[in-house]
Amino acid sequence: MANDSNRFQAIISHCKEYGFIFPSSEIYDGLQAVYDYGQWGSELKKNIKDYWWDSMTRMHENIVGIDAAIFMHPTTWKASGHVDNFNDPMIDNKDSKKRYRVDHLIEAFSDELRAAGQNDKADAVLADMDALLAKDDFAGLKKLIEENKIKCAVSGTYNWTDIRQFNLMFSTEFGSTVSSEDADNKVYLRPETAQGIFVNFLNVQKSGRMKIPFGIAQIGKAFRNEIVARQFIFRMREFEQMEMQFFIQPGTQKKWYEFWKEERLKWHTSLGIPADKYRFHDHIKLAHYADAACDIEFEFPMGFKELEGIHSRTDFDLRNHQEYSKKKQQYFDNDIDPATGKPYGNYIPYVIETSIGLDRMFLAVISHAYTEEDLSTPEKKDDRVVLKLPPRLAPMKLAILPLVKKDGLPEIARQIMDECKLHFRCFYEEKDTIGKRYRRMDAIGTPFCVTVDHQSKEDNTVTIRHRDSMKQERVPITSVKELVLNAIR
RNA sequence: GCGGAAGUAGCUCACCUGGUAGAGCGACAGCUUCCCAAGCUGUAGGUAGCGGGUUCGAGUCCCGUCUUCCGCUCCA
């Protein structure tokens, strides 16, 4: 455990030291749970995005992508349930330091009453609670807790703090004349990208002539005010999601849920990360919108944690948007129902969602790639840190290194550089000993280094050095580009 | 949010019981080098997280504050 923690710390340090991830606004002491991607981090992140985007939209002919705005009409969040369901009032017990959701605390109390046979009183307490919650009457709720002498299960006392509201969503003012008085000006920064897909469901379906089943994919930023946000980029206030909402016939959700579970796991393992680093975790307690849900968990340095969620969202979202917007969110299905011999007709589609945290995927990839190797021989102590990134995700694909910076070697190296840089990211370096340069490339995960030596002048060959094995082979200069392209495709 | 620990050069750390900050690595420039870090020379870089107090004098003692880490707590 201490070892894993050290490893996690080492990964975080490495990310900063080698230009992958910096704390946000660091010169001002940072901003909690916000991070910036540096020169290599942004490349790696982009490569992950591209890999996801291509495998979703290009490999599935019935999935298209969109890029919806972060700002959305405030009613969106009423329809989605975020305004009502996720602004939970909380209360802390001063003795046990334990924090409760006020509704959970009172509901547990009413369950106790029921168990004691006091059904009437249990109902009365719940009714009072609902009325007070609806009014956001926190003082009244606290009074309700105190009057009923509701105790903390841990400390057994009723020494409570005032009730506070924890807002999940960030909000800001909309419009050029700012007036905090005017609630109508309030817009939220989206807490999930999914709603941008749902509100565009019909736009995409009609303009793209999409037939069910079909999917809409999106990559974008989302924002959540986490109560505690820690663990590096695992839980950030500003993060990026890669989501796909798959629209299906009602009644087929079970089949498609299983399909996407399998499909998504295949995507993960296709990167070459071993399957035993992943596991499914089925949700027992389902969110308000789902009829089945699971996580794909990854074995991060701090243990197995959620990396991706696959949710069967029913028609909850589209149905609510239909209700709140008064616009039909229906699809007319012309396919023939074998049971009746007639078209299926109009319905609100059901939805299977796959939602992966891009930043978490980044953390998964880099923490799996991070390797400390002991290369000591009896004569000499030696070690290296190498990022064994999948070549297609590596920020830099090829380093081109003249063995010495004279005798015409840099010129040959430059020619290779000019040839290759049109096709993938290359790095030219003539400083320091060759060993140092190899190790620097290992540290950022560059899969290939070619070295130009004196033999190159004679027979137009170079050595290509493989990152993971450190093995070298001599190849014709003309084959370098194809060799790298084959590895990153 | 609570409890504990820590904040000195890019990184890892030193400065013992207060007397005006140092090393290694790294970076940069050059030399050397025919294939895996630690060969040579030189250069740059710190008002010791920030603010206040005690003192003739504070990195070193005290208080506050910020940040980070560990544990607890919460999570769609």
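Atoms considered below: every heavy atom in the structure, side chains included; atoms not considered: hydrogens, waters and symmetry mates. Here the structure is a predicted model, which is why all the values come from computation and not from measurement. Within every chain, numbering begins at 1; the chains are lettered A, B, ... in the order of the sequence lines, protein sequences first and strands thereafter.
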hbond_proxy A:Arg465 side chain to B:C36 base (donor-acceptor, 3.5 Å cutoff): yes
Pairs where residues 448-462 of chain A contributes a residue and the test salt bridge (Lys or Arg N to Asp or Glu O under 4.0 Å) is met, not counting sequence neighbours: A:Asp453-A:Arg474
For B:C72, the Watson-Crick or wobble partner whose two distances fall under 3.5 Å: B:G1
B:C74 and B:C15, which share atom name P, separated by this distance in whole Å: 42 Å
Residue whose nearest RNA chain B nucleotide is more 5′ - A:Gln9 or A:Met470: A:Met470
Spacing between A:Leu409 atom CG and B:U33 atom C1', to the nearest angstrom: 13 Å
Charged tip of A:Lys397 within 45° of A:Phe424 ring normal and under 6.0 Å: no
Distance, rounded to the nearest Å, where A:His454 contributes NE2 and B:C35 contributes P: 11 Å
Under-4.0 Å side-chain N/O to phosphate OP1/OP2 contact, A:Gln455 with B:C35: no
Carboxylate-amine/guanidinium contact A:Lys221 A:Glu192, below 4.0 Å: no
Protein-nucleotide distance (A:Asp383, atom CG; B:A37, atom P), rounded to Å: 11 Å
Selection from B:U33, B:C11, B:A38 that lies nearest to any side-chain heavy atom of A:Val404: B:U33
P gap between B:C61 and B:G3, integer Å: 23 Å
Interatomic distance at C1', B:U60 relative to B:U55, whole Å: 13 Å
Spacing of the P atoms in B:C16 and B:G4 (rounded, Å): 27 Å
Residue A:Tyr18 excluded, over 12 heavy atoms near OH under 6.0 Å: no
Whole angstrom value for the distance that separates P of B:U67 from OH of A:Tyr35: 12 Å
Complementary nucleotide for B:C35 - Watson-Crick or wobble, under 3.5 Å: none
Could you list, one pair per line, each protein nitrogen or oxygen that sits under 3.5 Å from a nitrogen or oxygen of nucleotides 49-51 of chain B, together with the distance?
none

Distance-only donor-acceptor test (3.5 Å): side chain A:Arg235, base B:C75: yes
Watson-Crick or G-U wobble mate for B:G22, both contacts under 3.5 Å: B:C13
4.5 Å side-chain heavy-atom contact, A:Phe232 and A:Phe8: yes
Lys/Arg cation over aromatic A:Phe234: A:Arg360, 6.0 Å, 45° cone: yes
Pair assignment for B:U41, Watson-Crick or G-U wobble, requiring both distances under 3.5 Å: B:A29
B:G46 and B:A23, which share atom name C1', separated by this distance in whole Å: 14 Å
Distance below 4.0 Å between A:Lys471 side-chain N/O and B:C36 OP1 or OP2: no
Protein-nucleotide distance (A:Gln472, atom CD; B:C35, atom P), rounded to Å: 10 Å
Value in whole Å for how far the P atom of B:A37 lies from CG of A:Asp442: 11 Å
Ring-face cation of A:Arg465 near A:Tyr438 (centre distance under 6.0 Å, axis angle within 45°): yes
Contact check, side chains of A:Gln218 and A:Met244, non-hydrogen atoms, under 4.5 Å: no
A:Arg224 CZ - B:C74 P separation (whole Å): 18 Å
Inter-nucleotide P distance (B:G30, B:C13), Å rounded: 33 Å
Any-strand Watson-Crick or G-U partner of B:A58, both distances under 3.5 Å: none
Pairwise P distance, B:A37 and B:U73 [rounded to whole Å]: 48 Å
Distance test, side-chain N/O of A:Lys405 to OP1/OP2 of B:U32, below 4.0 Å: no
Cation-pi geometry met for A:Lys261 and A:Phe280 (6.0 Å, 45°): yes
Report each atom pair, protein N/O against N/O of nucleotides 24-29 of chain B, whose distance is under 3.5 angstrom.
from: B:A27; atom 1: OP1; to: A:Arg440; atom 2: NH1; distance (Å): 2.7

Upstream residue (5' side of RNA chain B) when A:Ser469 and A:Arg437 are each assigned their closest nucleotide: A:Arg437
Heavy-atom donor-acceptor pair, A:Asp453 side-chain to B:C35 base, under 3.5 Å: yes
Watson-Crick/G-U partner (both atom distances under 3.5 Å) of B:G51: B:C63
Nearest-angstrom distance from the residue atom CD of A:Glu297 to P of B:C75: 16 Å
Partner of A:Asp432 under salt bridge (Lys or Arg N to Asp or Glu O under 4.0 Å), chosen from A:Arg437, A:Arg439, A:Arg440, A:Lys405: A:Arg440
Cation-pi, A:Trp267 ring and A:Arg264 (6.0 angstrom, 45 degrees): yes
Cation-pi geometry met for A:Arg279 and A:Phe304 (6.0 Å, 45°): yes
Residue A:Lys406, side-chain heavy atoms: nucleotide from B:C35, B:U33, B:A38 that is nearest: B:U33
C1' gap between B:C75 and B:G18, integer Å: 48 Å
